[in-house]
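Working notes, beginning with the structure itself.
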Amino acid sequence: MPELARLSVESKGDVELARVAGEVDASNVDDLSQRLLASVSNQARGLVIDLRETSYIDSSGISLIFDAAARLRNRRQELRLVVTPRSFVGEVLAAVSMEQSVAIDPALDEALRALGDSDSDSESA
Amino acid sequence: MTPDQTNRERTAPGALAAEEAVTRLEDVQRVTEATLAYLDLDDLLTELLDRVTDILDADTAAVLLVEDGGRTLAARAAKGLEEEVERRFRLPVGHGFAGRIALTREPLVIGDLERSRIKPVNPLFQEKGVRALLGVPLVVEGEVIGVLHVGTLTPREFQEGDVELLQLVADRVALSIERSRLMVQGQIAETLQRSLLPRKLPRVPGLRMAARYLPAAEQSAIGGDWYDVIELDSPCIGFVIGDVAGHGMAAATFMGQLRSAIGAYALDTMSPAEVLTKVASFSDRMHSRMATVIYATLNLTTWEVRFARAGHPYPLLLRADGSREYLTDVGGPPIGTGGRQAYEEQAITLSPGETLLLYTDGLIERRGRQLAEGEAALVEVAAGAPDEPELMCEAVTARLTEDNPPADDIAVLVVQTVGLHELLDVEVPAEPRQLATIRQLIRRWVEANGGGDDDCAAFAIAVSEACANAIEHAYGPQRAMIEVRASLVDGVAAVSIGDWGTWRQPRGGNRGRGIPIMREFMDDVSIERAERGTTVNLRRRLREER
């Protein structure tokens with residue numbers, strides 16, 4: 001059975017990049033949340049969640065993002081989202097004013113650059 | 001002494017033979033009448049033993065039937081030796097008086113037990129003072145199924161005519177016993193058969209299903225046809241239709257095994273071809289009967305049907321545009337025919353309002369008719385049948401069996417996607433894994449009613465949020481279902497989501513966001529909290545009407 005959502009995580013230098021494809025709802029959000037947080041080491045500077053391939057997200061997925069942002073903030077790590085402007089996911093995020101809590105970029109390199117620029121220690125990425 | 005015997009003594013030899021022949025005929029007639037008059041085997045045997053003792057002027061009579069696959073004889077009915085049945089007297093075939101008859105299949109006469117070398121095993125003969133015995137085998141189609149014997153309390157030299165008469169009676173008795181057994185087996189087979197069919201079909205959002213099982217008109221022909229609906233991992237569902245060769249208990253029993261095997265393999269692999277390949281190898285290992293079967297899966301988000309076919313009649317697809325076609329691309333031999341067999345699968349996609357009709361050969365096969373004619377008749381009848389699956393099942397089975405009662409079992413399974421402009425009205429289990437299916441269903445409904453992509457997405461999230469709310473509500477074990485109803489009036493789509501839980505104030509950030517999201521995407525959101533549960537009403541004017 002194909003899963004509703006697929007998660008792939010890779011390291012871009014000291015930033016973790018998580019790509020979420022498919023649909024996120026109450027049926028898979030717990031599993032997704034666990035795997036997402038487990039993928040971020042203490043050494044990582046931050047996490048980028050790429051939602052451009054996410055076709056559906058609901059309030060439980062929104063909660064996951066708020067929750068992840070709060071946890072990372074406690075660990076002095078930053079969360080950024082990559083969302084295609086005017087997409088369905090973008091609309092849902094706008095409906096809950098996500099941009100006031102979490103930075104949203106329209107393209108991946110912007111998000112990676114923003115995280116890289118936020119700390120000048122390393123240019124290895 | 002009976003009047004008959006008096007007559008016989010007085011008449012001349014030539015006339016005596018003729019007289020005897022007439023009497024014999026009358027005697028046999030009396031026995032035959034009895035076999036026709038009684039349907040219950042015990043009543044029949046009691047009556048027959050009465051008549052036999054009367055005709056042969058005997059004091060005792062008994063019927064013993066073969067059991068244990070031919071190893072034992074057990075008393076089934078007796079007259080003058082009633083205790084034999086009460087004590088459930090049994091003896092091994094080959095032993096004693098009756099045992100010897102069952103073994104040799106020949107009549108046996110003992111003129112005087114006290115002087116015979118054959119020693120009966122049954123102590124009752126001595127207790128009752130039986131002196132003379134005459135026994136014959138009960139034979140059906142070359143098989144000994146039991147022994148019929150009569151006895152007298154005085155020594156008697158049974159005559160050849162007595163032996164012949166008793167054998168004639170025995171043949172009638174044997175046939176009656178066989179008929180009655182088949183009938184009882186038929187009843188058991190039907191009971192077993194029905195117990196193995198799904199009691200009711202699951203409710204699946206976006207689908208309407210109906211099924212029928214019609215036992216063969218002749219009870220001895222019952223057994224072996226089945227259908228099944230298997231709830232696979234969301235969003236898929238499996239369908240089975242099959243027919244085990246042969247009839248009766250054995251066919252019904254094997255059908256049960258096949259049904260379980262398919263159910264188990266279906267959870268193992270999503271490929272219908274693989275499922276059938278495994279089932280075929282399973283039945284080869286069991287050295288089981290032959291069976292034809294179709295196994296199909298339907299994905300409720302893509303509406304793709306994949307199926308594999310093992311020697312079974314073609315599925316009939318009734319398209320929404322009115323065209324009808326048999327799906328003939330893939331096939332393969334029936335399972336249980338030996339040899340390694342890998343099945344192939346065919347895929348089709350169902351649009352809204354399309355119907356897949358699966359059936360067993362009893363529906364289309366008639367004696368003296370080509371199979372192609374039967375297939376054409378089904379297409380014609382299905383084309384004229386009502387769309388509603390229950391009514392369609394009824395119409396198809398009724399029309400195709402109206403000329404003559406079915407000689408074989410018939411099973412029919414109708415699977416239909418909900419119609420284009422039809423009111424969406426479904427009840428789904430209150431489980432998170434149903435959310436994806438509900439969204440797919442509502443998208444499809446909005447699209448079918450002229451909504452654009454934005455409308456589809458808007459309703460998908462709003463309805464899904466409302467359902468997620470319902471799932472989170474304090475649900476007891478009693479009725480964990482969600483009702484989704486949709487209607488379209490003057491371009492405004494309205495969807496209501498009802499549950500039987502008690503509304504809880506949004507907790508934490510999570511549910512607190514569900515309602516704003518609904519409001520963001522809908523023109524109007526209202527929540528009714530009543531004693532019986534909570535209903536969320538969503539409305540939105542469809543923006544892109546075609």
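Because only heavy atoms are used, hydrogens play no part in the values below, and waters and symmetry mates are left out as well, while side chains stay in. Order of the sequence lines fixes the chain letters, A, B, ..., with proteins taken first and strands second; residue numbering starts at 1 for each chain.
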Residue B:Arg439 versus chain A: region with a heavy atom under 4.5 Å: side chain
Rounded distance (nearest 0.5 Å) linking atom CG of A:Asp25 with atom SG of B:Cys467: 11.0 Å
Output for pair (B:Ile461 CD1, A:Ser59 OG), nearest 0.5 Å, gives 7.5 Å
Would you say CD of A:Glu53 has more than 12 non-hydrogen atoms from neighbouring residues, nucleotides or ligands within 6.0 angstrom? no
Neighbour count >12 (heavy atoms, 6.0 Å) for atom CZ, A:Arg52: yes
Minimum heavy-atom separation for [X] to [Y], with atom names?
X	Y	value
B:Ala436	A:Leu4	CB-CD1, 3.6 Å
A:Tyr56	B:Ala460	OH-O, 4.0 Å
A:Ser27	B:Pro432	CB-O, 3.4 Å

Heavy-atom cut-off 4.5 Å, strictly under: side chain, backbone, both or neither for A:Ile57 against chain B? backbone
Counting only non-hydrogen atoms closer than 4.5 Å, does A:Val96 touch chain B with its backbone (N, CA, C, O), its side chain (CB onward), both, or neither? side chain
